[in-house]
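Worksheet for the structure shown next.
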2 protein chains.
Amino acid sequence: MKKTTIADVAKHANVSKSTVSQYLNQRYDYMGEQTKERIEKAIAELKYSPNILARGLKQKSSTTIGVIVANILHVFSTQVIRAIEDFCNEKDFHVIVCNADDDPVKEKRYIDMLRAKQVDGIIAFPTGENVELYKGIMEENYPVVFMDRLIPGITINTILLDNEQAAFLAVNEFVKKGHERIGVVSPPLTQKVTPRFERMEGYKKALEHHGIEFNPDYILSGEIEEMHTKLKKMMRLPVPPTAILAINDRTLIEILTYTKEEQVRIPEDLALINVDDVSFASIYNPALTTIAQPAFEMGKKAAEVLFDLIRDKGLSADVKVYRFKPELIVRESS
Amino acid sequence: MKKTTIADVAKHANVSKSTVSQYLNQRYDYMGEQTKERIEKAIAELKYSPNILARGLKQKSSTTIGVIVANILHVFSTQVIRAIEDFCNEKDFHVIVCNADDDPVKEKRYIDMLRAKQVDGIIAFPTGENVELYKGIMEENYPVVFMDRLIPGITINTILLDNEQAAFLAVNEFVKKGHERIGVVSPPLTQKVTPRFERMEGYKKALEHHGIEFNPDYILSGEIEEMHTKLKKMMRLPVPPTAILAINDRTLIEILTYTKEEQVRIPEDLALINVDDVSFASIYNPALTTIAQPAFEMGKKAAEVLFDLIRDKGLSADVKVYRFKPELIVRESS
DNA sequence: CTGAAAGCGCTTACAG
DNA sequence: CTGAAAGCGCTTACAG
């Protein structure tokens with residue numbers, strides 16, 4: 001089944017390829033009515049559809065962008081991708097999705113391959129490594145937007161949650177309910193991953209703001225695997241925390257596994273707030289008080305900024321960090 | 001910043017474009033050691049990376065496949081996509097993700113655009129419409145694999161859960177626990193969407209197998225919005241069901257919203273099993289008994305089958321329906 | 001062992 | 001108002 005090409009259409013309509021191409025690109029300026037009709041008919045009869053790859057070769061655009069997430073299984077990433085895809089669909093663009101698994105080697109490989117595929121731009125949740133790679137991209141003015149994470153020394157447009165504010169909202173809510181012994185649970189803080197790091201900062205500032213003394217025993221940070229033991233240890237302190245802020249959905253699951261096992265009552269024995277409005281928040285027993293991220297808006301913004309860069313050939317007037325407001329959703333766990 | 005092309009490399013290395021191309025494609029058969037080295041050096045110095053679009057134009061491959069899901073926000077779809085992407089990554093392929101939202105018009109648009117982009121194959125969760133479109137594709141031997149849904153009259157390789165078995169497992173578990181009044185909750189059964197339809201069939205067969213009389217009052221099907229009222233009605237029957245099979249995760253959420261609101265105790269007042277091992281199954285109170293789908297295996301299989309088709313130019317010897325076994329995970333709700 | 005030439009399917013000045 | 005020609009960046013017989 002040989003594909004029909006523009007040449008076939010031209011022959012069938014008795015015009016030149018150029019004229020067909022003009023027609024396809026809506027340059028009807030000087031085109032005769034009859035020519036137009038003949039071409040239209042030929043296209044319909046041959047069921048012709050142009051090869052976008054060939055067009056892209058000439059026009060230097062693949063009408064495709066790449067999105068590199070850590071892992072598409074994370075709900076936040078999924079929502080961001082959905083928003084980006086909706087935006088792209090309106091512009092007749094497609095999106096290639098890549099999972100870097102927080103692995104800088106995979107990240108670099110994907111970026112190189114996407115660029116080899118002439119992708120018009122990339123939205124990435126950067127691993128934080130590959131600084132040289134991104135520096136090079138910056139210098140070339142290749143369109144890139146960062147999502148969720150900042151890389152020190154790299155000035156690239158970035159979409160972020162107001163992470164400090166997120167922690168602030170949680171601590172405020174706890175204080176309002178009378179808590180003073182407020183703990184926080186986070187994945188490892190060794191790497192300066194933006195969301196974790198900033199949320200911790202916000203937590204500390206909020207305590208200070210409320211005149212609560214900072215207690216290092218109430219900060220739990222570690223790999224998911226060791227979280228259970230660490231949690232047990234923290235809750236068995238002579239004076240344990242009465243409220244806990246879970247820094248993301250993964251840590252929330254660990255905490256709930258623990259409270260279920262140990263039959264800890266929420267919020268009586270332990271109040272709980274987490275960042276990310278998980279799917280089961282309102283049906284859980286008790287319903288979970290959460291801090292929601294506007295994931296769809298953030299994804300949409302990332303797409304908008306990227307398309308502006310693409311239009312302006314990467315020469316954005318000013319590189320910005322866009323901060324989005326988190327929202328406290330009070331339910332029963334706080 | 002003009003991109004460096006194969007011509008630049010050729011000039012720099014003092015050879016012809018052909019030779020550079022041979023080098024790039026590892027056809028070293030007769031290539032002189034020095035030539036090789038000179039090219040290698042030139043590539044490194046110019047930081048050359050080939051334009052895959054141009055290569056694709058000649059080779060008639062975009063090393064890209066399309067995946068059309070109903071909605072990437074569904075966990076099952078996400079897992080399937082992740083498995084497909086991992087598979088593609090090993091083959092140096094990329095995947096374009098599209099959300100058809102169960103809208104046949106969007107579905108058709110995506111398929112047309114993906115094909116115009118010379119995508120090498122498509123994995124789709126078909127809406128069930130666009131029968132003519134798929135018939136045409138079939139006749140052209142264009143590589144397509146269906147996921148999750150069958151379309152009557154279209155013989156295309158399809159990956160499915162053994163849906164009857166899924167319902168069977170649930171009913172068996174209920175019967176084992178002494179239940180005889182077993183209900184089922186499903187989205188609308190009007191359209192013959194494969195999973196719903198087959199799971200209902202399995203439910204009926206299972207009842208028959210256990211000698212339980214089929215009671216139409218225990219079958220609830222409807223839009224998500226009206227489910228709550230219908231649920232209330234069913235539970236207020238003179239003789240209400242004592243166990244419910246939720247046909248997917250969306251209906252599960254509705255049921256749990258209801259039971260939470262009405263303080264129905266699970267499993268004492270109502271036993272519950274749902275298809276899809278949701279993320280909160282083990283931390284819910286009570287932990288949920290579920291039927292898990294092997295989503296990753298299913299996604300991987302879809303990719304394997306598609307790549308076989310691509311290799312064989314769509315001329316697969318035999319079109320098959322691949323059935324995957326569901327797994328009963330007994331927790332506390334049954 | 002390597003190069004000149006044609007071609008993949010388009011677009012785009014330019015000429016007439 | 002329309003066509004011939006060159007070119008986008010590759011690959012691939014074929015010749016030598």
Side-chain angles (χ1 to χ4, degrees), chain A residues 1-40 42-43 46-64 92 112-113 115-120, chain B residues 1-40 42-43 46-64 92 112-113 115-120:
Chain A
M1 226 309 302
K2 231 178 88 283
K3 283 244 179 177
T4 76
T5 74
I6 200 171
D8 301 324
V9 177
K11 197 179 297 171
H12 199 88
N14 242 311
V15 296
S16 76
K17 290 191 301 171
S18 325
T19 309
V20 178
S21 177
Q22 309 282 20
Y23 174 87
L24 290 173
N25 294 291
Q26 336 247 341
R27 304 173 149 265
Y28 303 133
D29 307 0
Y30 301 100
M31 200 172 292
E33 261 313 314
Q34 304 178 31
T35 321
K36 223 192 278 191
E37 277 163 22
R38 281 217 309 283
I39 296 176
E40 198 174 346
I43 289 178
L46 300 175
K47 294 190 183 168
Y48 169 70
S49 125
N51 179 332
I52 300 188
L53 242 51
R55 171 187 300 171
L57 182 60
K58 184 71 188 176
Q59 298 192 152
K60 302 193 168 310
S61 158
S62 58
T63 54
T64 304
D92 279 358
D112 290 342
M113 285 182 60
R115 298 204 58 190
K117 253 181 203 170
Q118 315 304 116
V119 142
D120 293 329
Chain B
M1 231 296 308
K2 233 178 86 285
K3 282 243 176 175
T4 76
T5 74
I6 200 170
D8 302 323
V9 177
K11 198 180 294 173
H12 199 88
N14 241 312
V15 295
S16 77
K17 289 193 302 172
S18 325
T19 309
V20 178
S21 178
Q22 310 282 22
Y23 173 88
L24 290 172
N25 294 290
Q26 337 247 340
R27 302 173 149 266
Y28 303 136
D29 307 0
Y30 301 100
M31 200 172 291
E33 260 315 314
Q34 304 179 34
T35 321
K36 223 189 280 189
E37 276 163 22
R38 281 215 312 283
I39 296 175
E40 199 172 345
I43 289 179
L46 299 174
K47 293 190 186 172
Y48 169 71
S49 121
N51 179 330
I52 299 188
L53 242 50
R55 173 186 298 170
L57 183 59
K58 184 70 186 174
Q59 298 191 153
K60 304 192 165 311
S61 159
S62 58
T63 54
T64 304
D92 278 359
D112 290 342
M113 286 183 57
R115 297 204 58 190
K117 253 180 203 172
Q118 314 304 118
V119 143
D120 294 329

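The figures here come from the full heavy-atom set of this structure, side chains too, leaving out hydrogens, waters and symmetry mates. A note on names: the letters A, B, ... follow the listed sequences, proteins ahead of strands, and every chain is numbered from 1.
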### Atom pair OG1/CG of B:T64 and B:D92 - distance to nearest 0.5 Å
11.0 Å

### Query
Looking at OG1 of A:T4 and NZ of A:K11, how far apart are the two atoms once the value is rounded to the nearest 0.5 Å?
12.0 Å

### Query
Over how many whole Å does the gap from A:R38 atom CZ to D:dT2 atom C1' extend?
11 Å

### Task
Mind calculating the distance between OH (A:Y23) and C1' (D:dC1) to the nearest angstrom?
17 Å

### Task
For A:S18, enumerate each residue passing the side chain to side chain contact (heavy atoms under 4.5 Å, CB included) test, keeping only those at least two apart in sequence or located in another chain.
A:S16

### Task
Would you please name every residue forming a side chain to side chain contact (heavy atoms under 4.5 Å, CB included) with A:S21, sequence neighbours left out?
A:I6, A:N25

### Query
Given that both pair distances must be under 3.5 Å and the pair must be Watson-Crick or G-U, what runs of three or more consecutive pairs involve DNA chain D?
C:1-3 with D:14-16, C:5-12 with D:5-12, C:14-16 with D:1-3

### Query
Residues in side-chain hydrogen bond (donor to acceptor under 3.5 Å, both in side chains) with A:D112, at least two apart?
A:K108

## Note on the structure
Per-nt protein contacts along nucleotides 9-16 of chain C (heavy atom under 4.0 Å; B base, S backbone sugar-phosphate only, - none) come out as BBBB----

### Stepwise side-chain hydrogen bond (donor to acceptor under 3.5 Å, both in side chains) check, B:T63 with A:K117
CA-CA 9 Å; B:T63 54; A:K117 253 181 203 170; 3.3 Å; yes

### Query
Within the structure, does a side-chain N or O atom of B:S16 lie under 4.0 Å from either OP1 or OP2 of C:dT2?
no

### Query
Can you list every side-chain hydrogen bond (donor to acceptor under 3.5 Å, both in side chains) pair that touches residues 47-60 of chain A, not counting sequence neighbours?
none

### Message
Quick check: do A:V9 and A:Y23 have side-chain heavy atoms less than 4.5 Å from each other?
### Response
no

